**Student:** 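First the structure, which I've put down as structure tokens, then a few questions once you've had a look.
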Amino acid sequence: MADTGIKLSMSSSARRTALMGAMFLMATSAIGPGFITQTTVFTAQIGASFAFAILASILIDIAVQMNVWRVIGVSGLRAQELGNKVIPGIGWFLAGLVFLGGIVFNIGNIAGTGLGANAMMGVDPKVGGIVSAVVAILIFLSKKAGMALDRIVVLLGALMILLMIYVAVVAAPPLGEALKNTFLPETVDFLIITTLVGGTVGGYITYAGAHRMLDSGATGVRHVKEITRSSVLGIMVTGLMRVLLFLAILGVVAGGTVLTSNNMAAEAFGAAAGEIGLRMFGIVLWAAAITSVIGAAFTSVSFITSSRTSERKRNLITVAFIAGCAIVYAFLGQAPQQLLIFAGAFNGLILPVGFAVLLWVAWRRRDLLHGYVYPKWLLIVGVLTWFLTLFLGWNSVMGLAKLWS
């Protein structure tokens with residue numbers, strides 16, 4: 001079985017804490033600055049009909065994460081390790097995609113912390129970004145970095161949800177209209193749905209929680225129920241945050257406010273709750289960005305290390321990763337737009353490649369799953385979802401072609 005070494009010595013309470021940390025790491029990695037911007041823009045574009053897109057994306061995200069967590073959790077191996085056992089070298093190819101994309105996006109995430117700090121306290125964005133990067137570094141330098149990581153992402157995730165509940169209530173959205181459009185939408189935009197899926201389970205985010213779960217010791221066949229429950233709850237946390245943000249923006253838009261600024265989310269928070277709303281927006285944006293910094297760094301480094309790498313060495317590499325991104329941000333102030341587009345295209349390629357490897361393991365490599373008989377229904381759901389990831393990947397290839405044409 002995969003449960004060996006130090007993982008066996010972990011107490012059940014510590015394992016539960018680590019599993020919750022893995023769940024929230026996946027959720028908060030998805031809830032970044034881009035998540036907030038996408039939700040705001042799409043709500044302003046199609047109004048209450050966006051509720052259907054949220055529901056569809058949540059169902060697809062659950063199908064992806066249930067398969068990803070199940071295969072990685074039962075095997076006890078990281079995605080790149082599984083990839084190399086299926087086709088030698090493909091795991092390192094996947095690792096390269098994740099790591100390169102993680103570098104660029106983490107520069108953007110640090111920029112997001114700077115903007116959040118500015119909205120929250122009025123400090124210079126560059127100063128706020130650098131200080132936030134230092135905060136993230138201190139977490140990984142802690143003697144109990146794993147425990148600190150788990151508790152920080154859970155705390156910040158809960159804080160974001162509580163603040164969003166307040167803003168959503170104050171905005172007084174038309175709940176009846178939102179509920180009706182959840183199942184009978186007036187407008188269906190499949191591009192919006194695929195964009196949400198790519199932003200929630202694309203790139204490094206796909207593996208953030210599953211790789212953290214390996215550190216919890218909840219691996220192997222005997223932990224299948226815990227693995228499944230955690231994967232679904234993680235997506236539900238992300239979905240809850242998306243729903244609350246959607247309702248807050250919908251309440252503002254339905255009230256007659258036209259969002260026209262370059263920062264529509266901040267404008268909407270201000271319209272809903274005045275000055276305190278703007279400060280709350282700053283807190284939410286900072287929390288979303290700092291947890292994305294942590295998630296991107298942890299997951300990117302997990303792809304260039306192995307299960308044999310000591311925790312201390314992995315943490316030091318993670319610190320160097322964040323510091324490098326912070327230095328680039330200090331000189332540039334933001335991630336170069338073309339690089340962000342390029343990294344976004346990488347994200348679209350990562351999901352079909354990595355997901356195909358995991359589905360192959362589930363179907364044909366029972367030896368890597370320690371004899372576990374993979375549920376046929378889950379495999380079928382995974383394969384159907386994989387075809388959607390091909391569509392996302394094709395869009396990414398087209399995006400790359402336009403970028404370099």
Side-chain angles (χ1 to χ4, degrees), residues 2-3 5-32 65 68-69 72-73 76 78-79 102 106 109 113 132-162 204-220 223 225-238 240-241 286-303 305 307 309-319 321-322:
D3 303 311
I6 191 171
K7 295 177 183 178
L8 278 174
S9 66
M10 182 178 284
S11 68
S12 59
S13 60
R15 187 172 64 246
R16 283 195 297 271
T17 300
L19 257 181
M20 182 171 288
M23 181 183 79
F24 269 86
L25 184 66
M26 176 184 72
T28 56
S29 292
I31 305 168
Q65 287 295 348
V68 170
W69 280 56
I72 290 177
R78 291 177 171 80
N106 232 19
N109 290 332
T113 64
S132 300
V134 171
V135 170
I137 286 172
L138 290 175
I139 292 172
F140 288 101
L141 286 178
S142 167
K143 289 183 178 180
K144 295 184 178 180
M147 186 180 295
L149 169 64
D150 296 330
R151 290 180 176 176
I152 288 292
V153 295
V154 171
L155 176 64
L156 291 177
L159 177 63
M160 284 190 284
I161 290 172
L162 289 174
Y204 71 87
I205 301 168
T206 313
Y207 310 100
H211 280 196
R212 177 59 188 148
M213 172 187 60
L214 296 182
D215 298 332
S216 75
T219 59
H223 290 294
K225 287 186 178 179
E226 286 178 277
I227 292 167
T228 302
R229 182 171 60 249
S230 298
S231 65
V232 174
L233 287 176
I235 289 298
M236 297 309 293
V237 170
T238 306
L240 175 61
M241 184 66 181
W286 183 84
I290 192 70
T291 50
S292 292
V293 170
I294 294 168
F298 171 86
T299 312
S300 297
V301 170
S302 77
F303 269 87
T305 55
S307 53
T309 307
S310 70
E311 184 178 2
R312 175 173 171 75
K313 184 175 181 181
R314 196 163 63 236
N315 287 340
L316 290 176
I317 296 172
T318 306
V319 166
F321 180 90
I322 298 173

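Bear in mind the structure is a predicted one, so any value in this text is a computation, not a measurement.
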**Student:** For Leu25 and Ala208, which heavy atoms make the closest approach, and how far apart are they?
**Tutor:**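 In terms of heavy atoms, the two residues are closest at CD2-O, 3.7 Å.
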**Student:** For a 4.5 angstrom cut-off between non-hydrogen side-chain atoms, does His223 reach Leu19?
**Tutor:**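 With C-beta onward as the side chain, the pair stays apart.
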**Student:** List in chain and number order the residues that pass side-chain hydrogen bond (donor to acceptor under 3.5 Å, both in side chains) with Thr228, two or more places apart in sequence or in another chain; answer none if no residue qualifies.
**Tutor:**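 Testing Thr228 for side-chain hydrogen bond (donor to acceptor under 3.5 Å, both in side chains), a comparison that skips the adjacent residues, returns Arg70.
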**Student:** Which pair of non-hydrogen atoms, one from Ala22 and one from Asp150, has the smallest distance, and what is that distance?
**Tutor:**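 So the two residues come closest at N-OD1, 4.3 Å.
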**Student:** Atom CG in Leu316, atom CD in Glu311: separation rounded to 0.5 Å?
**Tutor:**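 Rounded to the nearest 0.5 Å, the CG-CD separation comes to 10.5 Å.
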**Student:** Sequence neighbours left out, what passes side-chain contact (heavy atoms from CB on, under 4.5 Å) with Ala297? Give chain and number order.
**Tutor:**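 Partners of Ala297 by the side-chain contact (heavy atoms from CB on, under 4.5 Å) criterion, ordered by chain and then number, come out as Asn106, Thr318, Phe321, Ile322.
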**Student:** How would you list, by chain and number, every residue that makes a side-chain contact (heavy atoms from CB on, under 4.5 Å) with Arg229, sequence neighbours excluded?
**Tutor:**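 Counting only residues at least two positions away or on another chain, Arg229 forms a side-chain contact (heavy atoms from CB on, under 4.5 Å) with Glu226, Leu233.
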**Student:** Drop me the distance from Leu214's CG to Arg78's CZ, to the nearest 0.5 angstrom.
**Tutor:**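 Interatomic distance, Leu214 CG to Arg78 CZ, rounded to 0.5 Å: 6.0 Å.
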**Student:** Can you find a pair of side-chain heavy atoms, one from Ser29 and one from Tyr207, that are under 4.5 Å apart?
**Tutor:**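 Result no, sub-4.5 Å side-chain heavy-atom pair not found.
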**Student:** Indicate yes or no for a side-chain donor-acceptor contact from His211 to the backbone of Ser300 under 3.5 Å, with no hydrogens or angles considered.
**Tutor:**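 It does not hold such a pair.
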**Student:** Using the side-chain contact (heavy atoms from CB on, under 4.5 Å) criterion, which residues pair with Leu159? Sequence neighbours excluded.
**Tutor:**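 Expected list: Leu156, Leu163, Ile283.
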**Student:** Output the distance between atom OG1 (Thr219) and atom CH2 (Trp69), rounded to the nearest 0.5 Å.
**Tutor:**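 Atom-to-atom, Thr219:OG1 and Trp69:CH2 are 12.5 Å apart.
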**Student:** Test your reading of the model: is there a side-chain donor-acceptor pair from Thr299 to the backbone of Ala296, 3.5 Å cut-off?
**Tutor:**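 No, because the side chain of Thr299 does not come within donor-acceptor range (under 3.5 Å) of the backbone of Ala296.
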**Student:** Could you check whether any side-chain heavy atom of Val68 comes within less than 4.5 Å of a side-chain heavy atom of Met26, counting everything from C-beta outward?
**Tutor:**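 Sidechains of Met26 and Val68: no contact.
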**Student:** Sequence neighbours left out, what passes ring pair (Phe, Tyr, Trp, His ring centres under 6.0 Å) with Phe298? Give chain and number order.
**Tutor:**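 Result, ring pair (Phe, Tyr, Trp, His ring centres under 6.0 Å) vs Phe298: none returned.
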**Student:** Which distance, rounded to the nearest 0.5 Å, do you find between the CG of Leu155 and the OG1 of Thr28?
**Tutor:**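 Taking CG in Leu155 and OG1 in Thr28, the distance rounds to 11.0 Å.
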**Student:** Indicate the atoms forming the closest heavy-atom contact of Ile290 with Ser132, along with that distance.
**Tutor:**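 Residues Ile290 and Ser132, closest heavy atoms: CD1-O, 3.2 Å.
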**Student:** May I ask you to test the Ile294-Leu149 pair for a side-chain heavy-atom distance under 4.5 Å?
**Tutor:**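 The answer is yes, as the side chains (C-beta and beyond) meet within the 4.5 Å cut-off.
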**Student:** Quick check: closest heavy atoms across Met160 and Met241, and the distance to 0.1 Å?
**Tutor:**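 Distance-wise, the nearest heavy atoms are CB-CE, 3.8 Å.
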**Student:** Give, for atom OG1 of Thr305 and atom NZ of Lys313, the distance between the pair rounded to the nearest 0.5 Å.
**Tutor:**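 The NZ atom of Lys313 is 9.0 Å from OG1 of Thr305, to the nearest 0.5 Å.
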**Student:** First locate atom CD of Gln65, then atom CD1 of Ile227, and finally report the distance between them rounded to the nearest 0.5 Å.
**Tutor:**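 CD1 of Ile227 is found 13.0 Å from CD of Gln65.
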**Student:** Identify all side-chain donor-acceptor contacts of residues 135-142 below 3.5 Å with residues at least two apart in sequence or on another chain.
**Tutor:**
residue : atom : partner : partner atom : Å
Ser142  : OG   : Lys144  : N            : 3.2

**Student:** Decide yes or no on side chain to side chain contact (heavy atoms under 4.5 Å, CB included) for Ile161 and Val237, but give the supporting numbers first.
**Tutor:** CA-CA 9 Å; Ile161 290 172; Val237 170; 4.1 Å; yes
